[in-house]
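Reading through the structure tokens given below for one structure.
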Amino acid sequence: MPRRAKRYATRAGFASYATSAALVLALAGTVTGCTGSSGGEDDKDGKPGSASASPSAAAPGKYDSLPEPCGTAGRSRLRDMLPGAAAAEDESGEENTAAPSTGPDPLEGEASATYDTDRSVGCRWKSATTVGTRHLSVQFERVVSYDPSISDDEQAERLYGEKARKAGISGTPGPASGDPSPGKTPDGHASPTAGDDEPGSSADPDEAPDETPSPTAEEDVAPRPLEGIGDAAYLDDALHTADSGLHRDITLVFRTANVIATVEYDQWVTDKHRIPDSHELQKKARKLAEQLAGRFEED
């Protein structure tokens, strides 16, 4: 082949190769553009596998703050639960008192120490008479979940469940009214005689009754779930014997959304022949818990 023809053939082959390469690159760009468009749709829908896909965060809890604890319990309720404090308030409020009391109001309560009032608050009260002492406390804990896949309410439900299991709660919730069956107290023991719930009756050791039920060595009040208080609730009742006397401790815990509330109410008596009445203490603790739960529902 002549040299000039050979040179022309070489140039023609190179041009054909360049054209083919350009076509391949153009097709590759088209494919890439289509792929990128598909990835954009995945990002928009948040589908698994896309670069920006992430699990959606759970909804925040219903409550983002807590109430002032010492003001949550109604004054009339406190007077009913703390007869000694109520008597002291009456004495300090008498108009003819020569030397009125300058001390703190016994029904105002004392706030518990806390480092974050948006997460945990509490208040406690004390009542003393010549025959015994009563203590009352309320605590509120606002639960926050740090797992984006678990809501605050769900985390509060888990923590409540742990508390209930530790307290030995089992079975189904009892009657919503909280009234015991005829002839029985809520703990299953024989109910006191008629009129025991009235002031000055033998059901209240603080009133120094003339006659009281004899101690029952086998007394055992089992914890149980309750209905009608918040989203879930349970009550624990324990009678303890000490060298200085007897004391019955009532613990009522309830959950409303992402807040867990605890009511602790106990009565101490020095005379071991006067057993603190389970029915009376449980009834008063439950009424207070219902009042507290109602305040949360109003928010």
Side-chain angles (χ1 to χ4, degrees), residues 63-142 197-200 203-208 229-230 233 235-236 245 247-256 259-270 276-277 280-299:
Y63 304 106
D64 58 6
S65 63
L66 294 172
E68 194 286 310
C70 294
T72 53
R75 202 167 187 83
S76 60
R77 181 66 55 208
L78 292 174
R79 289 176 64 89
D80 181 52
M81 300 181 75
L82 305 165
E89 182 194 40
D90 293 339
E91 292 176 2
S92 64
E94 292 179 359
E95 295 180 359
N96 298 327
T97 302
S101 173
T102 58
D105 185 339
L107 296 180
E108 284 187 355
E110 180 182 356
S112 304
T114 181
Y115 295 100
D116 187 351
T117 55
D118 282 337
R119 293 292 304 276
S120 178
V121 294
C123 190
R124 56 183 179 271
W125 296 262
K126 180 180 179 180
S127 165
T129 67
T130 57
V131 294
T133 304
R134 297 194 187 200
H135 300 87
L136 170 66
S137 71
V138 295
Q139 292 94 33
F140 303 115
E141 176 187 1
R142 184 173 67 90
D197 288 336
E198 299 177 359
D204 190 350
D206 289 341
E207 300 297 331
I229 304 178
L235 181 146
D236 194 5
H247 66 97
R248 183 180 291 281
D249 302 337
I250 306 295
T251 302
L252 195 158
V253 180
F254 71 88
R255 180 186 69 83
T256 174
V259 171
I260 297 177
T262 303
V263 175
E264 295 179 327
Y265 185 40
D266 65 64
Q267 180 178 14
W268 290 69
V269 293
T270 55
D277 182 57
E280 179 221 355
L281 298 179
Q282 288 192 16
K283 182 179 179 180
K284 291 182 177 181
R286 176 160 188 159
K287 286 185 176 181
L288 174 59
E290 290 172 346
Q291 182 184 76
L292 298 178
R295 293 206 172 191
F296 277 98
E297 293 173 0
E298 292 173 0
D299 296 339

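All of these numbers come straight from a predicted model, not from anything done at the bench.
Atom-to-atom distance recorded for R286:CZ and L288:CG is 12.5 Å, nearest 0.5 angstrom. Separating the CG atom in L66 from the CZ atom in F296 is a distance of 6.0 Å, to the nearest 0.5 Å. The line from CZ of F140 to SG of C123 is 9.5 Å long, rounded to the nearest 0.5 Å. Here the straight-line distance linking atom NE2 of H135 with atom CG of D249 works out to 10.0 Å at 0.5 Å rounding. Annotation: the span from R79 atom CZ to L107 atom CG amounts to 6.5 Å, rounded to 0.5 Å. Atom OG1 in T117 sits 10.0 Å away from atom CD in E68 (nearest 0.5 Å).
Closest heavy-atom contact between W125 and P69: CH2-O, 4.3 Å. Contact detail for L281 and P276: the closest heavy-atom pair is CD1-CB, 4.1 Å. Residue R124 comes nearest to S112 through the heavy atom pair NH1-OG, 3.5 Å, listed as atom of the first residue, atom of the second, then distance. Heavy-atom minimum distance, P83 versus S127: N-OG, 3.7 Å. Nearest heavy atoms, C70 versus G109: SG-C, 4.1 Å.
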#### Entry: Residue pair L136, L78: steps toward the side chain to side chain contact (heavy atoms under 4.5 Å, CB included) verdict
CA-CA 9 Å; L136 170 66; L78 292 174; 3.6 Å; yes
### R142/D118 under side chain to side chain contact (heavy atoms under 4.5 Å, CB included): CA gap, chis, key distance, verdict
CA-CA 7 Å; R142 184 173 67 90; D118 282 337; 3.9 Å; yes
#### Entry: Verdict with supporting geometry, V138 and V121, side chain to side chain contact (heavy atoms under 4.5 Å, CB included)
CA-CA 8 Å; V138 295; V121 294; over 6 Å; no
### Message
If you apply the rule side chain to side chain contact (heavy atoms under 4.5 Å, CB included), what do you find for R134 with M81, and how did you get there?
### Response
CA-CA 8 Å; R134 297 194 187 200; M81 300 181 75; 5.9 Å; no
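Side-chain contact check for L252 versus Y265: every heavy-atom pair is 4.5 Å or farther apart. In this structure the side chain of Q139 never reaches within 4.5 angstrom of the side chain of S120, judged on heavy atoms.
When the options K284, Q282, K283 are evaluated for a side chain to side chain donor-acceptor pair (under 3.5 Å) with E280, the one that passes is K284.
H247 and W268 have parallel rings, their planes meeting at less than 30° on a 0 to 90° scale where 60° marks the start of perpendicular.
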